[in-house]
Participant: 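Got a structure for you, written out below as structure tokens; questions coming shortly.
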Amino acid sequence: NAGVMQNPRHLVRRRGQEARLRCSPMKGHSHVYWYRQLPEEGLKFMVYLQKENIIDESGMPKERFSAEFPKEGPSILRIQQVVRGDSAAYFCASSPVWDFSSGANVLTFGAGSRLTVL
Amino acid sequence: RKEVEQDPGPFNVPEGATVAFNCTYSNSASQSFFWYRQDCRKEPKLLMSVYSSGNEDGRFTAQLNRASQYISLLIRDSKLSDSATYLCVVSLNQAGTALIFGKGTTLSVSS
């Protein structure tokens with residue numbers, strides 16, 4: 001089991017460019033989550049998706065950020081017109097369909113994509 | 001008040017020491033509680049879930065006090081490999097779909 005795969009691991013963009021980060025969940029997992037970790041900060045929830053559905057995007061900035069999880073292929077976090085403040089580590093996590101009887105849901109995180117905006 | 005607060009440390013301890021981390025959370029409706037471990041510039045990894053009755057996993061013991069909204073982690077017989085940042089994490093639902101992370105407490109174990 002390859003775990004949660006994220007790419008690219010490192011991405012450098014100039015201000016105004018677009019950044020696309022990809023995440024393939026663990027085999028058998030149908031739920032994907034994106035978190036952002038700014039330097040010296042804790043991880044912050046951004047968005048929770050299932051295939052073809054955004055379930056909770058309460059943590060997404062209102063502008064420039066979007067996420068999708070298509071029927072086929074990885075989940076993509078897209079940042080348009082990047083600014084220096086977008087420089088951060090973006091972590092994707094996945095989980096299976098949650099079963100109440102099995103206790104609290106546990107997320108598995110990928111190694112992260114580090115975005116640097118020049 | 002921050003949603004999840006932790007003492008950032010660093011905690012510098014010798015091998016074999018016992019060390020305790022504390023965490024407080026602000027939302028009394030929180031349902032699920034966890035300790036994660038994050039090594040430098042790597043992804044967070046689940047260390048253990050925290051249950052109301054307290055739970056132990058080898059050298060690690062976690063306690064939850066819902067009345068005080070307080071979570072603790074005790075590490076006994078510290079190893080060099082325990083050096084990492086320990087993240088206190090809560091969720092408002094059992095499904096754990098929107099985790100709230102503390103900034104973490106840094107532990108450095110030296111020989």
Participant: Around atom CZ of R59(B), are there more than 12 heavy atoms of other residues, nucleotides or ligands at under 6.0 Å?
Facilitator: yes
Participant: Keeping the roles fixed (side chain from Y35(A), backbone from F101(B)), state whether a donor-acceptor pair exists under 3.5 Å.
Facilitator: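 No.
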Participant: Does V4(A) belong to the same Ile/Leu/Val/Met/Phe/Trp/Tyr cluster as Y90(A), with side-chain heavy atoms less than 4.5 Å apart forming each link?
Facilitator: no
Participant: Is there a path of hydrophobic side-chain contacts, each under 4.5 Å between heavy atoms of I/L/V/M/F/W/Y residues, joining F65(A) to F91(A)?
Facilitator: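 As far as the 4.5 Å side-chain criterion goes, F65(A) and F91(A) are not connected within one cluster.
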Participant: Cluster question for you: counting only ILVMFWY and a side-chain heavy-atom cut-off of under 4.5 Å, with indirect links fine, are M60(A) and F69(A) together?
Facilitator: yes
Participant: When clusters are formed by joining ILVMFWY residues with side-chain heavy atoms under 4.5 Å apart, either directly or through shared neighbours, do M5(A) and I76(A) land in the same one?
Facilitator: no
Participant: Is there any residue in residues 36-49 of chain A with a non-hydrogen atom under 4.5 Å from a non-hydrogen atom of chain B, and which ones are they?
Facilitator: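 Within residues 36-49 of chain A, near chain B: Q37(A), E40(A), E41(A), G42(A), L43(A), F45(A), Y48(A).
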Participant: Please classify the contact between A89(A) and chain B as side chain, backbone, both or neither, with a heavy-atom cut-off of under 4.5 Å.
Facilitator: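 Neither part.
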Participant: Do you reckon L115(A) sits in the same ILVMFWY cluster as Y33(A), going by side-chain contacts under 4.5 Å, direct or chained?
Facilitator: no
Participant: Determine whether more than 12 heavy atoms belonging to other residues, nucleotides or ligands lie under 6.0 Å from atom CD of Q81(A).
Facilitator: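 No, CD of Q81(A) has 12 or fewer neighbouring heavy atoms, counting only those of other groups under 6.0 Å.
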Participant: If you check every heavy atom in residues 36-47 of chain B against those of chain A, which residues fall under 4.5 Å?
Facilitator: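 Y36(B), Q38(B), R41(B), K42(B), E43(B), P44(B), L46(B) fall under the 4.5 Å cut-off.
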